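Here the structure is laid out as structure tokens; the discussion comes afterwards.
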2 protein chains.
Amino acid sequence: MKVKKPKTRQKDTKQLILDSAERFFAREGFHVTSLRAITGAAGVNLAAVNYHFGSKEALLEAVFERRLIPLNQVRRDKLEQIRDEAVEKGKRPSTKKVLQAFIEPTLRFKESEPGAEDFIALVGRSFTDPDDTVRKIFFRLIGPIFELLFETLRDALPELPENLLYWRLHFALGALAHTMHMSGCDKFLPVGFSDGCGTESLLSMLIPFVTAGMEAT
Amino acid sequence: MKVKKPKTRQKDTKQLILDSAERFFAREGFHVTSLRAITGAAGVNLAAVNYHFGSKEALLEAVFERRLIPLNQVRRDKLEQIRDEAVEKGKRPSTKKVLQAFIEPTLRFKESEPGAEDFIALVGRSFTDPDDTVRKIFFRLIGPIFELLFETLRDALPELPENLLYWRLHFALGALAHTMHMSGCDKFLPVGFSDGCGTESLLSMLIPFVTAGMEAT
DNA sequence: CTTCGATTCAAACATATGTTTAAATCGAAC
DNA sequence: GTTCGATTTAAACATATGTTTGAATCGAAG
């Protein structure tokens, strides 16, 4: 007995709760969602949340971490690769490539696994969530990668005043967040416009938009 | 007795509730805010909300309408003026002017009256609010002006495919919403960056950004 | 089969919420 | 000063929430 082999069921229960919570948090919001709704839809007992996670807040944290840690790893790798490449060539990285390195994995993440689409909408919203609980957890996880993105962009646009760069980055993130949140866009869009809301299509529109904005004279 | 002259106090109470609610809804969110918090801070009785407004939901509606109706009027006037001017001159309106006509009154509104800053943050968030109550009320009020903005932009950029224009507009609105929400930005920003968050400064950064994005080739 | 820790379960708990109620209070009109 | 409708007030109501509890159940190890 080298390893504490927990019952097979435990993982199931935890995953079921995470999946259900992700769905509800994304579609209804953190505070509006009750644990009873989550556990009811997941088919597990109400007390399971507190048993496995400790509290509703800790559950939210787990929902974020499960997907955000891998996603951040991908984004970090891509950004660092671009930085190394630039140093190697002695040239500054291209603005478009930097933005793409951050945005593309983010939007593509939607299709990586079932449920990820809900998660992407959740993240898009968390940027501006009024609730302290949500924002605190979110920014703790997103902060470091945000700083790396900022620094890499500074390499790409060294002539831009830092303050301006900082705000333009926020404008770009605002556009991204809005896009992410409209992820499941069928319910928002007027008829005839829902064609262009596939990931590829969105990328081909969003990246030129933010690149042009970032490089505006 | 030509007119039902209600007691002087009624207006006070209603205004006090609206002010307090606006503040709480903006800073904490609709569902997280309790009527007891609102009435407590306003110094009025708990039941006053239901007496004067009917329900918490109706209160939210009143909070939106009080400021959004006048603000929309200003935006509508400016946009229609630009349209008329373009027709008169037989030229297409400039993209920048159109965006400016929408964005400038929005951001400037912050300084128009005390409390408006909270309201602007509230509006910025409502674009992506997960709660149906909030979103429904918000979109009912924002829908018509959004359509006018879309049509005016189509005049400015007739060669752009409608679908692309539509999404670029959403990107721009995302950037605007993000900016609005960071209205009281002191608490979000790292030290050294809070200089540039005055209204004038933000306008001079945001408008070129979205214009460039909208006109990107 | 028995044992034992991990997990599940139904029930209860304490608290907070939006809303309603019925009495009290106010302020002008007569 | 009395009257009457509008407003305010304190209390109660019904319900919903996150959490805790203690017994029941499970599943493998001995």
Side-chain angles (χ1 to χ4, degrees), chain A residues 1-25 27-64 130-134 136-137, chain B residues 1-25 27-64 130-134 136-137:
Chain A
M1 193 230 291
K2 40 209 29 183
V3 120
K4 272 264 215 51
K5 176 76 176 317
K7 209 168 25 161
T8 352
R9 186 67 204 284
Q10 168 178 4
K11 269 223 168 122
D12 286 0
T13 301
K14 278 185 96 159
Q15 295 298 334
L16 284 171
I17 292 175
L18 282 172
D19 291 341
S20 179
E22 177 175 73
R23 193 183 152 93
F24 274 99
F25 288 163
R27 303 192 178 191
E28 323 268 345
F30 175 65
H31 263 99
V32 188
T33 301
S34 70
L35 292 183
R36 284 167 177 83
I38 294 172
T39 54
V44 305
N45 189 274
L46 167 64
V49 169
N50 288 278
Y51 178 76
H52 286 290
F53 297 94
S55 69
K56 188 187 182 186
E57 190 169 326
L59 170 60
L60 176 66
E61 205 161 347
V63 166
F64 271 120
D131 186 62
D132 265 355
T133 311
V134 178
K136 262 206 252 186
I137 294 174
Chain B
M1 193 227 291
K2 43 217 11 192
V3 120
K4 271 265 217 47
K5 175 75 177 314
K7 208 167 27 161
T8 352
R9 186 68 204 284
Q10 171 178 1
K11 266 215 170 131
D12 286 0
T13 301
K14 277 185 98 159
Q15 294 299 334
L16 284 171
I17 292 175
L18 281 172
D19 290 341
S20 178
E22 176 175 72
R23 192 184 154 93
F24 274 99
F25 288 163
R27 304 194 178 191
E28 322 269 346
F30 175 66
H31 263 99
V32 187
T33 300
S34 70
L35 291 183
R36 284 167 177 83
I38 294 172
T39 54
V44 306
N45 189 274
L46 167 64
V49 169
N50 288 279
Y51 177 75
H52 286 289
F53 297 94
S55 69
K56 188 186 181 186
E57 191 169 324
L59 171 60
L60 175 66
E61 205 160 347
V63 166
F64 271 121
D131 187 62
D132 265 355
T133 311
V134 177
K136 262 205 258 186
I137 294 174

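What you see is a predicted model; the values in this text were computed from it and never measured. A, B, ... follow the sequence lines: proteins, then strands. Residue 1 opens every chain.
- Atom pair A/Leu16:CG and C/dT7:P shows a separation of 15 Å (rounding to whole Å applied).
- Between the CZ atom of B/Phe53 and the C1' atom of C/dT20 there is a distance of 18 Å, given to the nearest Å.
- Partners of B/Ala62 according to the side chain to side chain contact (heavy atoms under 4.5 Å, CB included) rule, which considers only residues two or more places apart in sequence or in another chain, are B/Leu18, B/Phe53.
- Each end of the helix from C/dC1-D/dG30 to C/dC30-D/dG1 yields a helix axis from five base pairs, and these two axes differ in direction by 10° (to the nearest 10 degrees).
- The side-chain hydrogen bond (donor to acceptor under 3.5 Å, both in side chains) search around B/Asp132 returns B/Arg135, not counting sequence neighbours.
- With sequence neighbours excluded, the residues forming a salt bridge (charged side-chain N to carboxylate O under 4.0 Å, His left out) with B/Asp19 are B/Arg66, listed by chain and number.
- The side-chain hydrogen bond (donor to acceptor under 3.5 Å, both in side chains) test applied to A/Thr133 returns A/Asp131, not counting sequence neighbours.
- In this structure, the side chain to side chain contact (heavy atoms under 4.5 Å, CB included) partners of A/Ala41, at least two apart in sequence or on a different chain, are A/Ser20, A/Phe24.
- OP1 or OP2 of D/dT8 has at least one side-chain nitrogen or oxygen of B/His52 nearer than 4.0 Å.
- Checking the phosphate oxygens (OP1, OP2) of D/dT8, a side-chain nitrogen or oxygen of B/Thr13 falls inside 4.0 Å.
- Looking at residues two or more places apart in sequence or on another chain, you find a side chain to side chain contact (heavy atoms under 4.5 Å, CB included) between B/Leu46 and B/Leu35, B/Arg36, B/Thr39.
- Within the structure, salt bridge (charged side-chain N to carboxylate O under 4.0 Å, His left out) pairs that include any residue of residues 47-61 of chain A comprise A/Glu61-A/Arg140 (at least two apart or interchain).
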Would you tabulate the pairs of protein nitrogen or oxygen atoms and nucleotide nitrogen or oxygen atoms of nucleotides 17-21 of chain D closer than 3.5 angstrom?
residue : atom : partner : partner atom : Å
D/dG18  : OP1  : A/Thr33 : O            : 3.4
D/dG18  : OP1  : A/Lys56 : NZ           : 2.8
D/dG18  : OP2  : A/Leu35 : N            : 2.8
D/dG18  : N7   : A/Arg36 : NH1          : 2.8
D/dG18  : O6   : A/Arg36 : NH2          : 2.9
D/dT19  : OP2  : A/Asn50 : OD1          : 3.3
D/dT19  : OP2  : A/Lys56 : N            : 2.9
D/dT19  : O5'  : A/Asn50 : OD1          : 3.4

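- A distance of 5.0 Å separates NE2 of A/His52 from OG1 of A/Thr13, quoted to the nearest 0.5 Å.
- OP1 or OP2 of D/dA10 sits under 4.0 Å from a side-chain N or O of B/Asn45.
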